[in-house]
Novice: 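Right, I'll just put the structure down here and ask away after.
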Amino acid sequence: SLALTFHNRGDRHGTASGIISAYDSAGDLQGEFFVESGRVLPYRQRRTYLALPTQPHSVRFTPLEDLGGQFLVSDALW
């Protein structure tokens, strides 16, 4: 599984959603997966877990909407 930490740097609660792109060691795309943060309170963080069918070498998060700098994704751990 993949653990992502969503940080809310704004003064309103909200959610972030996007696509996780998983790559192998050669840089080839293994798959794309939808992820949503769930509600994140202002100035807080929330860890979300995503079960992946493969073990990626690297991942990239692409937001589905412009989050306006309010949300940050970090700590992609697997």
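This is a predicted model, so every value here is computed, not measured. Side chains are part of it too, since the values below use all heavy atoms of this structure and drop only hydrogens, waters and symmetry mates.
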Novice: Has N8 got a side-chain atom pairing as donor or acceptor with R44's backbone, closer than 3.5 angstrom?
Specialist: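 A pair under 3.5 Å: no.
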
Novice: Does a side chain donor of either T5 or Q45 reach within less than 3.5 Å of an acceptor in the other side chain?
Specialist: no

Novice: Are L50 and L4 packed together at the side-chain level, in the sense that at least one heavy-atom pair is separated by less than 4.5 angstrom?
Specialist: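 Of all side-chain heavy-atom pairs linking L4 with L50, none is under 4.5 Å.
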
Novice: Would you sort out whether F34 and I20 count as a side-chain contact (heavy atoms from CB on, under 4.5 Å), showing the intermediate values?
Specialist: CA-CA 6 Å; F34 175 79; I20 292 291; over 6 Å; no

Novice: Could you give me the CA-CA distance, side-chain angles and deciding distance for F33 and F61, then say whether ring-ring contact (aromatic ring centres under 6.0 Å, His included) is met?
Specialist: CA-CA 10 Å; F33 310 93; F61 174 76; over 10 Å; no

Novice: Nearest 0.5 Å please: distance from the NE2 atom of H13 over to the OH atom of Y43.
Specialist: 14.0 Å

Novice: Nearest heavy-atom pair of A22 and P56: which atoms, and what distance?
Specialist: CB-CB, 3.7 Å

Novice: Looking at E36, is its backbone amide N or carbonyl O close enough to the side chain of S17 to form a donor-acceptor pair, meaning the two atoms are under 3.5 Å apart?
Specialist: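 Side chain of S17 to backbone of E36: no pair is present.
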
Novice: Quick one: pull up CD in Q55 and OG in S1 and give me the separation to the nearest 0.5 Å.
Specialist: 9.0 Å

Novice: Classify the side-chain pair R60/Y23 by whether it contains a donor and acceptor separated by less than 3.5 Å.
Specialist: yes

Novice: Going from CD on Q30 to CG on L52, what distance comes out if it is rounded to the nearest 0.5 angstrom?
Specialist: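 Answer rounded to 0.5 Å: 9.0 Å.
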
Novice: Below 4.5 Å, heavy atoms only, C-beta onward: do V35 and T48 meet side chain to side chain?
Specialist: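 When only atoms from C-beta onward are counted, T48 and V35 do touch, with a gap below 4.5 Å.
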
Novice: Less than 4.5 Å apart, any side-chain heavy atom of L29 and any of S21?
Specialist: yes

Novice: For the side chain of R46 and the backbone of S37, is there at least one donor-acceptor N/O pair under 3.5 Å apart?
Specialist: yes

